[in-house]
Amino acid sequence: MQLLDSTYQHQSKFAQFCRSGEYVAIPGVKEKNIGRYRKLIYNIVDDSLRSTYPLTYDLLEDQEWESLVDEFFSSHRCQSPMLWQMPKELMDYMQETDHKLLHTYEFLSDLLLLEWYEVEIYMMEDKAIPTFKIEGNMLRDSFVINPELSILSLTYPVHLKNASKIISEDKGQYFVCLHRESETGKVQFTDIKYPHIELLEKLSNEESGFDDLLEIFQKYATKEEATIALSQFLNSALKSKLILGFSN
Amino acid sequence: MVGIGFRKDFSDEFLLGNALKPDFIEVAPENWMGIGGYWKKVFKEATEKYPLFLHGLSLSVGSPDKLDYNFLSNIKKFIQEYKPLVYSEHLSFSKCDNAHLYDLLPIPFTGDAVKHVANRIKQVQEFLEQKIAIEIVSYYTPVAAEMSELEFVNAVLAEADCDLLLDVNNVYVNAFNHDYNPKEFIKNLDLDRVKYIHMAGHTKVADDLIIDTHGEAIIDPVYELFDFSMQLIQKDVPVLLERDFNIPELPELQQEINRLKAIKTKALKNTAYATA
């Protein structure tokens, strides 16, 4: 026996009310209590979005945030059974609908991307960590990169400046690498440029040592400058665990 | 066995200290599936120390939509990996018109809904190759009811041939909100199917409405209803203390666990069952 259309309609109206707050009479429903469901559900969704996008929440006016959450939850059909993954759908929804707030705040799409990726990298499933040794010779040994990373391309420096301080003149091309420290699980952000991207890609694909990496840096600078810049980057990456260590 | 709902909020103190010693932990698989990093490590540590029970949130057995076999398949993998002693879900719907709602909505108590929900539970059990326990949820309004809640619950249990997760607090809340006798309700449930019991606190928000918040300590009338239930069930079923919000110091939770154990032991002392 299939669910009767009338039963489906009652459930659909109930669910639609919870998503939009617009009530259409349903037989037997206590009207004074059904609002509790809308409130409980709205709070769950709102809390989840606020905790994923704290900087966006701080940036927007209260009215802008509330309208956004309300519009998103009532117009969009949330697909993820896992609540922690649902906020990604807000970012996608705003892109797909070319949301007006993306025009009000021209850097907002970058900010949402950065905030979502922090959650995604923090939560993502573990990747196999290759064996490595902490101590090594910078000039002779190959480096082992942390596989739990992601590189984002941004138009505004949302990873460098407070969102409220970003101005149109900041528009440009920026890259940020997010990686998860395997011991603590914390996500670290590293502002990077072209040679670093190439370096990270090379290390992700093949075992490479100082001289291999220097070739990349020399495309952008003199040998002397490249050597200094590479040494600085490698030291910093080893410290932040973006590079885990040296191959055995 | 008396367990605790494992929360990220108190995981460090719980795992590092001795203030809270449950017999098992329960989690919602939706919060722990497909993750890595810090929380995966914490979860692994917790499951190495304590037996695990799973209590799902998003399967939505009462939904008019088709069952999400992709999601169910992930649940099955999670079950195979962590081997929980029980997997339970709610007699409610949390998805409709292809949209997740992230809360538990009441199913209309109708004959066609009984058949529909029972059929879906059967499909789930077949897919998972195990029985599941279904929880009677708290609700704040009926929806187009054609039968009583009791008739609906018993009919679904019989038709689906599934186990029952008896949430004593939910029965108390529903009895208050919908003006029936909670003891009569419990007495007339198919208690042979009780596989698992939930206990929790609630919040009274109006003279005629209680919300099932899991944000307060269990109140005495709910302990009494638990005692009453155990006298009838006469089986050593596992019991869970749920506390999701407004979490107190862990020794306070341990006191609640101790009280639940004492009630259970007393209720079963004249039976052949030993309590754990």
Side-chain angles (χ1 to χ4, degrees), chain A residues 1-19 26-45 48 73-74 76-86 89 121-127 148 180-187, chain B residues 28-42 56-60 62-64 68 70-71 74-75 93-117 119 139-146 177-178 205-206 208-209 211 213:
Chain A
M1 183 181 175
Q2 289 209 324
L3 197 66
L4 293 177
D5 186 58
S6 54
T7 306
Y8 158 68
Q9 291 295 340
H10 300 326
Q11 290 185 269
S12 178
K13 283 180 191 170
F14 201 114
Q16 189 53 38
F17 167 72
C18 292
R19 288 174 55 208
I26 306 166
V29 161
K30 291 182 187 171
E31 279 193 52
K32 67 171 183 159
N33 288 352
I34 191 172
R36 295 278 172 187
Y37 284 97
R38 161 77 178 161
K39 201 172 162 191
L40 289 167
I41 289 171
Y42 185 89
N43 286 342
I44 289 168
V45 171
S48 178
F73 195 59
S74 57
H76 171 75
R77 296 170 199 267
C78 290
Q79 294 297 298
S80 175
M82 271 105 95
L83 181 62
W84 74 267
Q85 289 182 343
M86 177 274 290
E89 298 181 38
I121 299 287
Y122 182 70
M123 294 293 281
M124 72 178 180
E125 292 194 64
D126 296 335
K127 292 187 180 173
E148 298 184 330
R180 183 166 72 190
E181 278 185 36
S182 54
E183 281 172 26
T184 63
K186 284 181 185 162
V187 177
Chain B
E30 289 82 354
N31 294 336
W32 301 92
M33 285 188 328
I35 65 164
Y38 177 76
W39 289 116
K40 173 85 178 268
K41 281 184 195 165
V42 169
L57 294 169
S58 297
L59 190 58
S60 194
S63 174
D68 183 347
N70 186 38
F71 174 61
N74 290 334
I75 292 277
F93 72 106
S94 57
K95 187 184 181 192
C96 189
D97 297 324
N98 194 28
H100 279 281
L101 295 148
Y102 307 109
D103 205 356
L104 309 168
L105 308 189
I107 303 167
F109 301 148
T110 63
D112 60 309
V114 168
K115 301 274 182 199
H116 175 74
V117 175
N119 189 41
Y139 65 107
Y140 313 122
T141 172
V143 184
E146 292 171 359
N177 289 344
H178 308 293
V205 294
D208 59 353
L209 187 68
I211 303 285
T213 53

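Just so it is clear: chains get the letters A, B, ... in the order the sequence lines come, proteins before strands, and each one is counted from 1.
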At a heavy-atom distance under 4.5 Å, which candidate from B:F71, B:Y140, B:Y139 has the highest pair count against chain A? B:Y140
Please evaluate residues A:I41 and B:L105 with respect to the criterion side-chain contact (heavy atoms from CB on, under 4.5 Å), reporting the C-alpha separation (whole Å), side-chain torsions for both, the decisive distance (0.1 Å), and the verdict. CA-CA 10 Å; A:I41 289 171; B:L105 308 189; 3.7 Å; yes
Any donor-acceptor pair under 3.5 Å from A:N33 side chain to B:T141 backbone: no
Pair B:L209-A:R36, side-chain contact (heavy atoms from CB on, under 4.5 Å): steps then yes or no: CA-CA 10 Å; B:L209 187 68; A:R36 295 278 172 187; 3.5 Å; yes
A:S182 versus chain B, heavy atoms under 4.5 Å apart: side chain, backbone, both or neither? backbone
Partner residues of A:D5 under the side-chain contact (heavy atoms from CB on, under 4.5 Å) criterion, sequence neighbours left out: A:Y8, A:Q9
Please report the shortest heavy-atom distance between A:R180 and B:G36, naming the atom on each side. NH1-C, 3.7 Å
Greatest number of non-hydrogen atom pairs under 4.5 angstrom with chain B, of A:S12, A:P81, A:P27, A:G185, falls to A:P81
Give the member of B:T110, B:N98, B:D68 that has the highest number of heavy-atom pairs under 4.5 Å with chain A. B:N98
Is it the side chain or the backbone of B:N74 that comes within 4.5 Å of chain A heavy atoms, both, or neither? neither
Tell me, for A:K32 versus chain B, whether the close heavy atoms (under 4.5 Å) come from the side chain, the backbone, both or neither. side chain
Which pair of heavy atoms, one from B:A144 and one from A:H10, lies closest together, and at what distance? CB-CD2, 3.3 Å
Closest non-hydrogen contact found for A:Q79 with B:H100 is O-CD2, 3.4 Å
When rounded to the nearest 0.5 angstrom, what distance separates CZ in A:R38 from CG in B:L101? 11.0 Å
What salt bridge (Lys or Arg N to Asp or Glu O under 4.0 Å) pairs are there with at least one residue in residues 94-106 of chain B, not counting sequence neighbours? none
For a side-chain contact (heavy atoms from CB on, under 4.5 Å) check, start with the C-alpha distance between A:L3 and B:K115, then their side-chain angles and the critical distance, and finish with the verdict. CA-CA 8 Å; A:L3 197 66; B:K115 301 274 182 199; over 6 Å; no
Does B:K41 reach the main-chain N or O of A:E183 with its side chain, forming a donor-acceptor pair under 3.5 Å? yes
Reported CE-to-CD distance for the pair B:M33 and A:Q85, which is rounded to 0.5 angstrom: 8.5 Å
Given B:L59, B:V205, B:L57, B:V114, the one with more heavy-atom pairs under 4.5 angstrom with chain A than any other is B:V205
To the nearest 0.5 Å, atom OH of B:Y102 lies from atom CE of A:M86 at 5.5 Å
Looking only at non-hydrogen atoms, find the nearest pair between B:G62 and A:Q11 and report the distance. O-NE2, 2.8 Å
Structural part of B:F93 lying under 4.5 Å from a heavy atom of chain A: side chain
Quick check on the interface: out of A:E181, A:K186, A:K13, A:R19, who has the most heavy-atom pairs with chain B under 4.5 Å? A:R19
Which one wins on heavy-atom pair count under 4.5 Å against chain B: A:S80, A:C18, A:S48? A:S80
Checking A:Y37 side chain against B:P106 main chain: does a donor-acceptor pair fall under 3.5 Å? no
Tell me, for A:L83 versus chain B, whether the close heavy atoms (under 4.5 Å) come from the side chain, the backbone, both or neither. both
Hey, what do you get for CE (A:M82) to CG (B:N31), rounding to the nearest 0.5 Å? 9.0 Å
Please round to the nearest 0.5 Å and tell me the distance separating atom SG of B:C96 and atom CD of A:Q16. 9.0 Å
side-chain contact (heavy atoms from CB on, under 4.5 Å) between A:M123 and B:W39, worked out: CA-CA 8 Å; A:M123 294 293 281; B:W39 289 116; 4.3 Å; yes
Starting at OG1 of A:T184, measure out to OH of B:Y38 and round the result to the nearest 0.5 Å. 10.0 Å
